[in-house]
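So you know, we letter chains A, B, ... as the sequences are listed, proteins then strands, and number each from 1. Every heavy atom of this structure was used, including side-chain atoms; hydrogens, water molecules and symmetry mates were not. It should be emphasised that the depicted structure is a prediction, and the values quoted were computed from it without experimental measurement.
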Number of protein chains: 2
Amino acid sequence: MEKFLFRLLLRSPLTKAEQEAILALPGEEVRTQAHRDIVRPGNRMTYSCLVVEGLVGRFDQLANGHRQITALHIVGDFCDLHSLAVPETGWGIESLTDSVVRMVPHTALRKLVDSAPAYTMAFWRDTVVDGSILAKWNAALGRRSAKARLAHLLCEMGIRFEIAELGQRDEFDFPITQAQLADVLGVTAVHLNRTMQALRQDGLLVTNGSRISLPDAKRLRQVAQFDEAYLLLGGAQSR
Amino acid sequence: MEKFLFRLLLRSPLTKAEQEAILALPGEEVRTQAHRDIVRPGNRMTYSCLVVEGLVGRFDQLANGHRQITALHIVGDFCDLHSLAVPETGWGIESLTDSVVRMVPHTALRKLVDSAPAYTMAFWRDTVVDGSILAKWNAALGRRSAKARLAHLLCEMGIRFEIAELGQRDEFDFPITQAQLADVLGVTAVHLNRTMQALRQDGLLVTNGSRISLPDAKRLRQVAQFDEAYLLLGGAQSR
DNA sequence: CGTGACCTTGATGTTAGTCAACGAATGTGG
DNA sequence: CCACATTCGTTGACTAACATCAAGGTCACG
C-alpha cells in the first residue's frame, strides 16, 4: 500500500490525513499460485485488487479461449481501481506468478471518495494513466512488428520497475513465461521465442532465468521507438 | 451538448441543477475541414473537445509518420475529457470528416468538479468506458484477423450510433475513408479494401457512399465475436 | 479538360501462425 | 534412487495473413 500511495503522490497532492486514510484502507490479502484467475470475466466487482506481491495481468478472453493480456500490474498497482466507477467487468484478472493480492472493498474506497474530492481526482488520474498505456499498446499492436513491440515492452517495464523501486531500467526481474509474454504482445509463443532470439542476437537482450538485462538501452529504444513520456504523465497536478 | 448529457445520464445520476450546469458549459465552436489535426500530439491541454458535428479520431503517431487511430468519436462525445485529470497528451486529435468541435475550457469544467462530487464521478465513469473500448480494441488488434476486426468495428459503431440516436444498428451513415478505417484497424488501406470486399461477398456488408447496411447482423456478430456489454457499462450507478 | 481524392487490382515479398516434435529442468510417488 | 509426468523453452517444415510496390479506374470539382 505504501508503494501505491507513493506513486499516487507523484501525480496528485494529498494532505497528510488523506495519505493516512489511504494507508489505513482495509482488505483481505489472498495468496494465489501462478496461472490462476483472480477475477473471472463478466463479474460485478465489489472490491478492487491491489498487487502486494508478484505479477498480475488483466486480460480479455475470446470465444476460442485465446487471451490477450491488456495490462500488466506490478507490486503497488491497483489492477482495477476503475471498477469503483464502473463495477461491471468485461475483463478478468489472472496471476502470472505466485502472487499476493489485497482485495479492498468498494465500500471503503467509496467512503474515502465521499469524504473529500481529492481522492476522486487522484483515483481518476491513476486510471487515466492506465488508459494512456492502453492507447500506446493499441498503437503498438496495430502498427509495429513483433520485435518492436517486444523491445517496447522491455523499455516500458524497465521504467515502471524503476519508478516502483523494484529494479533498474536496464536490469530487472521479470518473472513471466514466454507463453504469457506472447499473450501480452499479441503473437504466438513460437513466434515470440524467435523474436526474443533475434533481440538476443542483436545484443539488445540478455536473459538469465527471469532476470532481464538490456545491455544497449539506447539502441533498444530506437528499435522500440520508445518515448517514456506516457508513463510519467500528470506530474504535480493541482487538486 | 444535449447528446453528451443524455449519454452521461445513462450511467450517472445528476440533479436538475447539475444537468443545467453542464448544458451551460461555455466553449468556442470551431469548424474544420476533413483531415485536419485539431490537437497535435505532445501538447498540454487547457480545454476538452466536444464533437458537435462530424466524425473525429484520437490517434497515436509513430516516428515514421504512420498513424494508429485509437478512438473514434461521434457527435456528443468528449474526445478527451480525461485531459481534465491529466492535461499532457501523447496523442492527437484529427477530424476525419468536415467537423465542428466545441473547445470547453478546463477552468469551466474544473469549476463544476469543485462545486459537487457527482460531476467528478460522472466524468470519471465516462473516461472508464472510453478505456474499456480501448481494452477491447487491444484484444482485437492482438488476437483477431482483419476481417473479424472490421466486423467488430461495424457492430460497435452500429450500437454507438443507435445509442446516440444518429442511426440504427444495422443501417447508419459512417463517413470515413478506407485509408482512415485502415488506420483504425491497424492494416494497410490495400488490405482493408480487400477485407471489405470479402465481407461484401459474404453478404454481411452493403455500402452506398458513406451509408452502411448490415443485412445479416446475426452472422456479422458471429464473425466479429461481438458482445456489446462493454459499450453499455455502468448503467444506473449510484452517486 | 485537367487535377486530386479515393477506390480497386495484380504481382510479389515478408511476417507471423500452425502443427508437430524434442530437450532440459523440476517435481512426485513408488 | 529411479521411472514418470509436467512445464517451459526450442526447433523445423509448412501455410496463411498481411505488407509493399506499382498501376489503373472513377468521380467530383474548378
Could you tell me the separation between the [atom1] atom of [X] and the [atom2] atom of [N], rounded to a whole number of Å?
| X | N | atom1 | atom2 | result |
| --- | --- | --- | --- | --- |
| A:Leu199 | D:dT10 | CG | C1' | 17 Å |
| B:Leu150 | D:dA17 | CG | P | 15 Å |
| B:Asp183 | D:dC18 | CG | P | 16 Å |
| B:Met196 | D:dC18 | CE | C1' | 17 Å |
| A:Asn208 | D:dC8 | CG | C1' | 16 Å |

Salt bridge (Lys or Arg N to Asp or Glu O under 4.0 Å) pairs, two or more places apart, involving residues 176-203 of chain B: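 For residues 176-203 of chain B: A:Arg143-B:Asp183, B:Lys147-B:Asp202.
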Below 4.0 Å: OP1/OP2 of D:dC8 and any side-chain N or O of A:Gln180: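 False: A:Gln180 side-chain N/O out of range (4.0 Å or more) of D:dC8 OP1/OP2.
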Let me check something: any side-chain donor-acceptor pairs from residues 153-161 of chain A under 3.5 Å, sequence neighbours excluded? List them with distances.
from: A:Glu156; atom 1: OE1; to: A:Trp137; atom 2: NE1; distance (Å): 3.0
from: A:Glu156; atom 1: OE1; to: A:Tyr230; atom 2: OH; distance (Å): 2.7
from: A:Glu156; atom 1: OE2; to: A:Arg160; atom 2: NH1; distance (Å): 3.2
from: A:Arg160; atom 1: NH1; to: A:Leu72; atom 2: O; distance (Å): 3.4
from: A:Arg160; atom 1: NH2; to: A:Leu72; atom 2: O; distance (Å): 2.6
from: A:Arg160; atom 1: NH2; to: A:Asp77; atom 2: OD2; distance (Å): 3.1

Exceeds 12 heavy-atom contacts within 6.0 angstrom, atom CZ of B:Arg219: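 For B:Arg219, atom CZ is crowded (more than 12 foreign heavy atoms under 6.0 Å).
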Check whether the side chains of [X] and [Y] place a donor and an acceptor atom closer than 3.5 Å, and report yes or no.
| X | Y | result |
| --- | --- | --- |
| B:Glu53 | B:Ser99 | no |
| A:Asn138 | B:Thr70 | no |
| A:Asn43 | A:Thr89 | no |
| A:Asn193 | A:Gln178 | yes |

Exercise: identify the closest heavy-atom pair between B:Ser83 and B:Tyr47: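 Smallest heavy-atom distance, with atoms named: OG-O, 3.7 Å.
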Terminal axis angle for the helix from C:dC1-D:dG30 to C:dG30-D:dC1, five pairs an end, nearest 10 degrees: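 The end-segment axes of the helix from C:dC1-D:dG30 to C:dG30-D:dC1 are tilted 30° relative to each other.
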Nucleic acid footprint by protein, nucleotides 11-28 of chain C - heavy-atom cut-off 4.0 Å, B for base, S for sugar-phosphate alone: B----BSBB---------
A:Asp170: side-chain contact (heavy atoms from CB on, under 4.5 Å) partners, not counting sequence neighbours: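 Applying side-chain contact (heavy atoms from CB on, under 4.5 Å) to A:Asp170 gives A:Gln168, A:Leu214.
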Backbone of B:Arg40 reached by a side-chain donor or acceptor of B:Asp37 within 3.5 Å: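 Not at all, since once roles are kept as given, no pair shorter than 3.5 Å links the two residues.
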B:His82 and its side-chain contact (heavy atoms from CB on, under 4.5 Å) partner, picked from B:Asp80, B:Leu84, B:Val86: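 Exactly one pass, corresponding to B:Asp80.
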Between the protein and nucleotides 3-7 of chain C, which nitrogen or oxygen pairs are less than 3.5 angstrom apart?
from: C:dC6; atom 1: OP1; to: B:His35; atom 2: NE2; distance (Å): 3.1
from: C:dC7; atom 1: OP2; to: B:Gln178; atom 2: N; distance (Å): 2.9

